[in-house]
Amino acid sequence: MGIYSFRGGVHPKGNKELTAGKAFVRLIPKGDMVYPLSQHLGKPASPLVKKNDPVLAGQLIAKADGFISANIHSSCSGKVKAIERRLNASGVPVDCIVIANDGQFTPAPGVGEEVDYSSFSKEEIIAKVKECGIVGLGGAGFPTNVKLMPKNPDEIRYIIANGAECEPGITCDDRLMREYTDWIIKGLKIVLSLFPAASGIIAIEDNKPESIRAMEEAVKNEERMSVLTLKTMYPQGGERNLVHAATGMYMESGALPASLGCIVDNVATLSAIYRAVAFNEPLMEKGFTATGDGFNEPTNFMVRIGTSLREITDAAGGLKEETRKLILGGPMMGPAVSNLDAPLVKANNALTAQLEDEVEKAELEMNSCIRCGRCTRVCPLGLIPQQMARACERNDIERFVKLHGADCIQCGTCSFICPAKRPLTQLFKQTKPMAMSYIRMQAQKKEA
Amino acid sequence: MNAMTLLLITVILLAVIGLLIGILLVFAGHKFHVEVDAREAAVREVLPGNNCGACGYPGCDGCAAAIVKGEAAVNACPVGGASAAEKIGDIMGVSAEAAEKKVAFVKCAGDCAKAHTKGSYIGVRTCTAAAALPGKGDKMCQQGCLGLGECVSVCEFDAIHIVDGIAKVDRNKCVACGKCAKVCPQHLIEIIPDKSMYAVECANIEKGKLVKELCDTGCIGCGICVKMCKFDAVHVENNVAHIDYEKCKGCGACAAKCPSKVITFREQPKKEKEVS
Ligand code: SF4
Ligand code: SF4
Ligand code: SF4
Ligand code: SF4
């Protein structure tokens, strides 16, 4: 297969070299562990423990509430210290279970024990994924079991393992593909066993040659799997691009990948699926990159969910004094961090520490558009950010919707390229909720 | 010679057309004459003429017409207030029930000194934009005033300003048109009777301990005010107290005991006391 690319896109500075060569270091958390009840898309989980209850590592402490929700497990052993509201990384109070970590990590019975899953039925596999609280680890946190139950299981032709990792600076998926190749392949195999008509595609950007090599080696004897090399280009890892790469078709606005016969799962999610099914291991640990010039020692960690960002920061040699801004995730899409005492949650994959110059570069202002048209050229969805922004500024929701503004994935590509430094993506983010309710209203009107 | 005739014909033609139209207009004016209610003009004269639309009619003309038709009350204009209502009442021959003056009130006292901040907000400088981001603006409180002045930008009466990081209403200028309340993404602005003596200057929904981390003056939902009030006028809902302005007698018992000092006393102008 040739090297695939898509229409549009930009080339932010990769910054991968800071951590790409660094193997995972296992971080053993010492302090209290905090588990927000909402670490996924959908309804928050409901707590099953009370203050002072003893807990073991891998024990279910909050149960999925409703269809789109996810179980939450303790990743340490100890005692429940409190169930209270605490600030998340953005400084928003959220409901949390706090566990005083005894440092032993005594596993709950059955957790981590190898199981022979060869005779599992499809339902048993999906139930296991659900039980272990697996959610999309690429960032969105959508409950994986729900994704594995599309309405049209017989029409699923591609399971896409997303190893694009296109956000600058982040390398934990790259490391995972190199160090835990086997887990990903086995996870993909489990998912393929649910969809007999599907083949597996492992999609990787060409700036990760080692991962490509490792994966190509691993799929040699796998009939149903292949590796797809993507051109390094932001935002290559977006679902739409991956689906287009696999099928040659464009997803319609508002559609799910399943409508084109695809299921997209992050490589880290696949490895978690494998651990869940084969070792009865709930989602307790994940790869995480601490990167950026603001860290003294940028590092890739294997870190337990619930560990405070402060412990991670300290383990990465601490922050340099000149650090100006911390971002949860990568610089293109990640929100700013205001509270280091917040815990790492399931969908987090990186912490980026920026120095003054980078912060300044990214500082946007309400300048006027100079009509250069670059944003339109780079938008991976083929939208017209320039006109969408005008609609936002005039509060013209109808026009915004007409321009398909509600499809915007807030990838930040347009803001990145804009020479006038207009805060395009922020305008779209602010307008999207209004656009969604406008669309809903229109739909209701039609029905009535 | 030729050009001269042409010019002459043109001029005569135009004059004839003009004359015809003139006659037509005079005729039409007589035929379709509508009696303009003299009161409408008089009422229109009293209205302030801002054409702000706060009354709900298309401008002051629309409002005057509605009042004369009896569709709107004589005190329909919030801008003109009591004095306009009285004059319009005279014109219309009805006594204007003294319209109660209302004003906007911002339920946040977290100014730069009191509200704790978490960093500086970089981005579109409107409250709506900041409110759409996780973590909102630069304050830690998620319900408080973002201080970016979207309310200021919509106020046509220069009655609300950002002072020390929060929106402050100028009670003398505010006409309670409610535009600011509509635009505030934090839903912080309430239109209250101006004579209310006490109001809770906070909207934070968190519980005690956490509120203290966020702001020096947040309502901790302790309910002491509820216990202090003899008139059942204060209630705590969603961890924040709110005063029922109808029931409040202005005794100040709640404010005296509030540990967070978040029930604010609203000074009343002397002359109103004389009136009552
Ligand atoms: S943020 Fe939205 S409009 Fe801008 S490039 Fe990305 S998808 Fe297109
Ligand atoms: S009161 Fe509301 S609109 Fe006015 S500055 Fe505060 S947050 Fe913004
Ligand atoms: S916008 Fe608000 S402050 Fe200004 S006059 Fe109207 S109610 Fe009063
Ligand atoms: S006494 Fe003060 S802090 Fe306590 S509930 Fe009443 S207003 Fe809030």
Side-chain angles (χ1 to χ4, degrees), chain A residues 38 82-96 323-329 333-342 345 348 354 358-367 389 392-393 395 397 410 412 415 421-436, chain B residues 110 115-154 179-180 182-187 202-215 218-221 238-240:
Chain A
S38 186
I83 297 179
E84 62 183 17
R85 278 165 82 77
R86 291 211 173 183
L87 304 181
N88 73 6
S90 304
V92 182
V94 291
D95 291 311
C96 295
T323 303
R324 263 286 310 279
K325 187 178 180 188
L326 264 180
I327 300 169
L328 194 58
M333 284 186 83
V337 175
S338 66
N339 173 30
L340 265 186
D341 292 313
V345 301
N348 298 157
Q354 292 185 327
E358 271 165 295
V359 177
E360 224 166 70
K361 232 189 290 157
E363 216 155 306
L364 302 169
E365 280 166 55
M366 228 39 209
N367 299 329
C392 294
E393 278 166 328
N395 236 326
I397 309 295
Q410 288 151 33
S415 301
K421 289 186 158 200
R422 278 165 63 74
L424 300 164
T425 312
Q426 199 192 350
L427 283 171
F428 305 151
K429 197 176 214 158
Q430 143 200 353
T431 313
K432 188 155 179 176
M434 291 183 256
M436 295 313 271
Chain B
H116 303 176
T117 56
K118 57 175 181 278
S120 53
Y121 168 75
I122 308 172
V124 182
R125 302 211 55 88
T126 65
C127 302
T128 308
L133 289 180
K136 301 188 176 171
D138 38 19
K139 281 175 196 158
M140 288 183 82
C141 174
Q142 295 297 296
Q143 282 78 37
C145 173
L146 300 166
L148 295 170
E150 208 151 323
C151 48
V152 178
S153 71
V154 297
K179 284 201 181 148
C180 54
K182 219 184 263 164
V183 80
C184 174
Q186 300 286 75
H187 307 293
C202 180
N204 189 293
I205 58 164
E206 302 303 331
K207 285 199 189 124
K209 200 175 117 203
L210 192 52
V211 177
K212 292 232 151 85
E213 275 178 44
L214 307 175
C215 183
C219 169
I220 54 174
N238 228 340
N239 293 320
V240 49

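Since the structure is predicted, the reported quantities are computational estimates derived from the model, not experimental observations. The basis for the numbers below is simple: all heavy atoms, side chains too, and nothing from hydrogens, waters or symmetry mates. Letters go in sequence order (proteins before strands), and every chain restarts at 1.
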Go through the steps to decide whether L210(B) and L87(A) satisfy the test side-chain contact (heavy atoms from CB on, under 4.5 Å), and finish with yes or no. CA-CA 9 Å; L210(B) 192 52; L87(A) 304 181; 4.1 Å; yes
For chain A, which of C141(B), A129(B), A132(B) has the most heavy-atom pairs under 4.5 Å? A129(B)
Please identify, among A89(A), P93(A), P433(A), the residue contributing the most non-hydrogen atom pairs under 4.5 Å to chain B. P93(A)
More than 12 heavy atoms of other residues, nucleotides or ligands under 6.0 Å from NZ of K207(B): is that the case? no
Do N339(A) and E213(B) make a side-chain contact, defined as non-hydrogen atoms from C-beta onward lying under 4.5 Å apart? no
Out of curiosity, K209(B) NZ to R86(A) CZ, how far, rounded to the nearest 0.5 Å? 6.5 Å
Could you tell me the separation between the NZ atom of K136(B) and the OG atom of S338(A), rounded to the nearest 0.5 Å? 13.5 Å
From E393(A) atom CD to T126(B) atom OG1, the distance as rounded to the nearest 0.5 Å: 10.0 Å
Roughly how far, to the nearest 0.5 Å, is the OG1 atom of T128(B) from the CE atom of M434(A)? 6.0 Å
